[in-house]
**Student:** 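Got a structure for you, written out below as structure tokens; questions coming shortly.
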Amino acid sequence: MKWTHTYIPTLRDAPADAELISHQLLLRAGYIRRLAAGVYIYLPLMQRTLRKFSQIVREEMDAAGAIEITMPVLAPSAVWKKSGRYDTVGHIQMRLKDRGKREMILGGTHEEVVTTLITGELKSYRQLPINLYQIQAKFRDEIRPRFGLLRAREFIMKDAYTFDADQESHSKSYQKMVEAYFKVFERAGLDTKKVEADTGDMGGEGAHEFMVIVDTAGGEDTVFFCNKCDYAANVERATFRDSTPPDPDEKELPLEKIETPGASTIEQVTGFLKVDARKLAKTLIYKADGEMVAVMIRGDRELNEVKLKNHLGAKELEMAGPEMVEKLTGAPVGFAGPVGLKGAKIHIDNELALLKNFIVGANENDSHYLNANLGRDFESVGQGDLISASDGELCPACGAESGGKLWSKRGIEVGNTFMLGTKYSKSMDAKFLGADGKQQPFIMGSYGIGITRTAQAAIERYHDDKGIIWPKAIAPYLVEIVPLNYEDEKLRAAADKVYSELTSAGFDVLLDDRPERAGVKLNDADLIGLPIRVTIGAKSLKEGKIEIKARSESEMILASLEDSVLVVRKMLEKLR
RNA sequence: CGGGGUGUGGCGCAGCCUGGUAGCGCACCUGCUUUGGGAGCAGGGGGCCGGAGGUUCGAAUCCUCUCACCCCGACCA
């Protein structure tokens, strides 16, 4: 392809509204343009990258026995009402009314639609297992679209759904998808980590996320990894063993109220009383589905709202504002405590149940209690793991034996796999006849790969200060030929020759035939980030040589004009 | 939805406070020169200043309403 025959509108300045480097590069290098908040046009280079990555996904899905179909993007809201998700995911669904005032939904995921399809079609265990997938545009009415394609309102996703007759078969289907995912990302040149994840609105019995680890601002998720074993989990889900547990033989001391003037934060209280934050208990007031709850965790910990939401089984969870806290406790924020607290049920974190003689707010301005004890001074209605892991804590899997520790990294989620169990098949009445002659619900799985977000994640992972550095498998073209002056007959002839030879050899080649200055072309070549650049200039051509350089490497190979195919092929083999 | 901010030519911005009929850099067009990392000179095209209403002799500028977009938060792949 010649540059002037396609459309690559590069920009010298990045549009001001792009935050992430990957988002800026997509705009600057002429891959995407914004149409509305979170809605993007994919320009020719992007189109090619998306097509290449989709093809990899398609090949690996097919190889894993999945069957490609296309379901409609538009669906009646009725199917969502049937599964019960109309209410739980409603806030993020793109909804509209047709001319008959029927409410429709632009799909963000297709569990309901695929389950509707299967119901009544698949009647026997003999027809199972089955795995159906599609690659298409998805819609989510994001509360706040941002980061370009990473949080868009319209995006492209591969979604697959498995139906199995029993748990054992489901586990096999699930494992097949996990393996296919590793192959997909490896082929795309991306190192991904599989981590345990919360199931969120999707529901079901468990989930994993596939993460591209980055050290840039684009890392949207925090993930914990063990340094001794392969434990890995999203912070939403990660558990850990306390590295400094309290003394279990400590004797209970008498409750004592003390003055703590102006000490409303953990730092202030620990500073004032000269005690460790581990001897404090934070009492946090939340509103869960309209009811007030008090949540107690140790002073040195962070509450994990995802875990709390799961623990309470709440649909809506929000931290109480200062007025609500004052109304409930009778004291300003910072002095809430469990002793004598009325109007809110108390839930405590597991760690707190082991703690004795801790310090709590007294529900009174400038006052705390010393030596509070669970059971003696107050009661809780629920207990569970409610706090987030933190760096340096012991691994929940191997920490007890080998002393493995957890360390966090930032990642971008590019794929996910859900063990849905029978959540949808039961609620939507999707059943088959088992070998025992009895009706039973399908055991389902759901598996997503974000096509557009993976492309951006690759850029967030692979770039430098000059531009994108594509992995070869998802680069829009493999080679860019840059004749420094295409108007010069000799350079033009050499460029055309290299172009036709590389093209005949089967490489995707882009030839920059623009009448631009050398500097502009070289900078644009670095910007759009094709794996290999062939530079053709007067100086080396005089010796019958052309220059071949990998975008990711600094050294350049001076090759003779005739060897272009050979050198390019050899160089490509070595590239990621 | 709460808080903050911005809308001026394709992109990046100044002008607004203190009203007088729009400017800079890049990009674009023409010509000449130039040609190995974002050229030089000369000439040129393009903006009803997001929209509506108001104040005023006069509004990009002041006031009201509205729309869009961005950032922080909640939410989320």
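Since we're looking at a predicted model, the values are computed, not measured.
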**Student:** What does Leu150(A) touch in the nucleic acid at a heavy-atom separation under 4.0 angstrom: a base, only the sugar-phosphate, or nothing?
**Tutor:**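 Answer is base: heavy atoms of Leu150(A) come under 4.0 Å of a base.
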**Student:** What interatomic distance, in whole Å, is found between C1' of G20(B) and the corresponding atom of U56(B)?
**Tutor:** 12 Å
**Student:** Looking at the base of G12(B), is there any donor atom on it, or on the side chain of Arg28(A), that sits under 3.5 Å from an acceptor on the other one?
**Tutor:** no
**Student:** I'd like the C1' distance from G54(B) over to A59(B), given in whole Å.
**Tutor:** 11 Å
**Student:** Considering every strand shown, what is the Watson-Crick or G-U wobble mate of A74(B) when both distances are under 3.5 Å?
**Tutor:** none
**Student:** Nearest to the side chain of Glu305(A), which nucleotide is it out of C69(B), G36(B), C75(B)?
**Tutor:**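 When the side chain of Glu305(A) is considered, C75(B) is the closest of C69(B), G36(B), C75(B).
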**Student:** Ignoring backbone atoms, test whether Arg517(A) places a side-chain nitrogen or oxygen under 4.0 Å from the OP1 or OP2 oxygen of U35(B).
**Tutor:** no
**Student:** Which nucleotide in the list C11(B), G37(B), G36(B) gets nearest to the side chain of Arg533(A)?
**Tutor:**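 Closest nucleotide to the Arg533(A) side chain: G37(B).
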**Student:** Work out how far the C1' atom of G7(B) is from that of G40(B), and round it to whole angstrom.
**Tutor:**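 Result for the C1' pair: 36 Å, nearest Å.
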**Student:** Kindly indicate whether the side chain of Asp526(A) and the base of G37(B) share any N or O donor-acceptor pair separated by less than 3.5 Å?
**Tutor:**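 Such a pair exists between side chain and base.
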**Student:** G12(B), C69(B), G38(B): which one has an atom nearest the side-chain heavy atoms of Asn523(A)?
**Tutor:**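 Nucleotide nearest to Asn523(A)'s side chain: G38(B).
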**Student:** Is the ring pair His23(A)/Tyr40(A) parallel, tilted or perpendicular, if the boundaries are 30 and 60 degrees?
**Tutor:**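 Ring orientation, 0 to 90° scale: perpendicular.
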**Student:** So what's C69(B) paired with, Watson-Crick or G-U wobble, going by both distances under 3.5 Å?
**Tutor:**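 Paired with G5(B).
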**Student:** When the C1' atoms of C24(B) and U18(B) are compared, how many Å lie between them, rounded to an integer?
**Tutor:**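 Result for the C1' pair: 23 Å, nearest Å.
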**Student:** Counting any heavy atom closer than 4.0 Å, what does Glu19(A) reach on the DNA or RNA strands: base, sugar-phosphate only, or nothing?
**Tutor:** sugar-phosphate
**Student:** Please report the interatomic distance CE(Met444(A)) to OG1(Thr162(A)), rounded to the nearest 0.5 Å.
**Tutor:** 7.5 Å
**Student:** I'd like to know whether the aromatic ring centres of Phe182(A) and Phe210(A) sit less than 6.0 Å apart in this structure.
**Tutor:** yes
**Student:** Partner of G31(B) by Watson-Crick or G-U wobble geometry, both contacts under 3.5 Å, or none?
**Tutor:**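 Here G31(B) is engaged in a pair, and the nucleotide opposite it is C41(B).
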**Student:** CZ of Arg34(A) versus C1' of C11(B): gap in Å, rounded?
**Tutor:** 14 Å
**Student:** With a 3.5 angstrom cut-off on both distances, give the Watson-Crick or G-U wobble partner of G47(B), or none if there isn't one.
**Tutor:**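 G47(B) is unpaired by these criteria.
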**Student:** Parallel, tilted or perpendicular for Tyr447(A) and Tyr181(A), by the 30°/60° rule?
**Tutor:** perpendicular
**Student:** Measure from the side chain of Leu484(A), starting at C-beta and using heavy atoms only, and say which of G73(B), C69(B), G36(B) lies closest.
**Tutor:** G36(B)
**Student:** Among the nucleotides G12(B), C70(B), G38(B), which one has an atom lying closest to any side-chain atom of Ala16(A)?
**Tutor:**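 Of all the options, the side chain of Ala16(A) is nearest to G12(B).
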**Student:** What's the CE-C1' distance between Met319(A) and C1(B), to the nearest Å?
**Tutor:** 18 Å
**Student:** Is Gly537(A) touching bases, backbone alone, or none of the nucleic acid, heavy atoms closer than 4.0 Å?
**Tutor:**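 Base, at least one base atom sits under 4.0 Å.
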**Student:** Let me know the distance between CG of Leu25(A) and P of C11(B), rounded to the nearest Å.
**Tutor:**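 Between P of C11(B) and CG of Leu25(A): 18 Å.
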**Student:** For Lys466(A) and for Glu318(A), find the nucleotide of RNA chain B with the closest heavy atom, then tell me which residue's nucleotide is more 5'.
**Tutor:**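 Residue closer to the 5' terminus by nearest nucleotide: Lys466(A).
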**Student:** Write down the distance between CD1 (Ile143(A)) and C1' (C71(B)), rounded to a whole number of angstrom.
**Tutor:**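 For the pair Ile143(A) CD1 and C71(B) C1', the rounded distance is 16 Å.
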**Student:** Closest approach of Asn131(A) and Met177(A), non-hydrogen atoms and distance?
**Tutor:**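 Between these two residues, the closest heavy atoms are ND2-CE, 3.2 Å.
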**Student:** Please tell me which of the listed nucleotides, G12(B), G37(B), A74(B), lies nearest to the side chain of Arg146(A)?
**Tutor:** A74(B)
**Student:** Say we look at C75(B) and G9(B): how far apart would their P atoms be, to the nearest angstrom?
**Tutor:** 37 Å
**Student:** Could you give the CG-to-C1' distance, from Asn485(A) to U34(B), as a whole number of Å?
**Tutor:**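 In whole Å, U34(B) C1' lies 10 Å from Asn485(A) CG.
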**Student:** For atom CD of Glu487(A), decide whether the heavy atoms of other residues, nucleotides or ligands shown that lie under 6.0 angstrom number more than 12.
**Tutor:**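 Yes, because the 6.0 Å sphere around CD of Glu487(A) holds more than 12 heavy atoms from other groups.
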**Student:** Considering only the C1' atoms, how many Å lie between G46(B) and C63(B), rounded to the nearest integer?
**Tutor:**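 To the nearest whole Å, 32 Å.
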**Student:** Whole-Å distance between G37(B) P and Met556(A) CE?
**Tutor:**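 Result: 13 Å.
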**Student:** Can you tell me, in whole Å, how much space there is between the P of C1(B) and that of A14(B)?
**Tutor:** 29 Å
**Student:** What distance, rounded to whole Å, do you find between the two C1' atoms, one in G50(B) and one in U8(B)?
**Tutor:** 10 Å
**Student:** Taking donor-acceptor contacts at under 3.5 Å, does the side chain of Glu547(A) reach the base of G36(B)?
**Tutor:** yes
**Student:** Show your reasoning for whether salt bridge (Lys or Arg N to Asp or Glu O under 4.0 Å) applies to Arg533(A) and Asp526(A).
**Tutor:** CA-CA 9 Å; Arg533(A) 187 181 83 204; Asp526(A) 286 342; 3.5 Å; yes
**Student:** Need one value for Ala152(A): base, sugar-phosphate or nothing, where a base atom within 4.0 Å counts as base even if backbone is also close, heavy atoms only.
**Tutor:**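 Since a base atom lies under 4.0 Å of Ala152(A), the category is base.
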**Student:** Counting Watson-Crick and G-U wobble pairs only, both distances under 3.5 Å, name the nucleotide matched with C24(B), or none.
**Tutor:**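 Check on C24(B): paired to G12(B), both distances under 3.5 Å.
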**Student:** For Glu516(A) and Ser540(A), take the nucleotide of RNA chain B holding the closest heavy atom to each; which residue's nucleotide lies nearer the 5' end?
**Tutor:**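 Closest to the 5' end, via its nearest nucleotide, is Glu516(A).
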**Student:** Are the side chains of Pro476(A) and Tyr31(A) in touch, meaning some heavy atoms are under 4.5 Å apart?
**Tutor:** yes
**Student:** Answer yes or no: does a side-chain N or O of Arg144(A) lie under 4.0 Å from OP1 or OP2 of C1(B)?
**Tutor:**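 Indeed not, no polar side-chain atom of Arg144(A) lies that close.
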**Student:** Provide, to the nearest angstrom, the distance between the CG atom belonging to Leu308(A) and the P atom belonging to C75(B).
**Tutor:** 11 Å
**Student:** How many Å lie between CG on Asp524(A) and P on G38(B), as a whole number?
**Tutor:** 12 Å
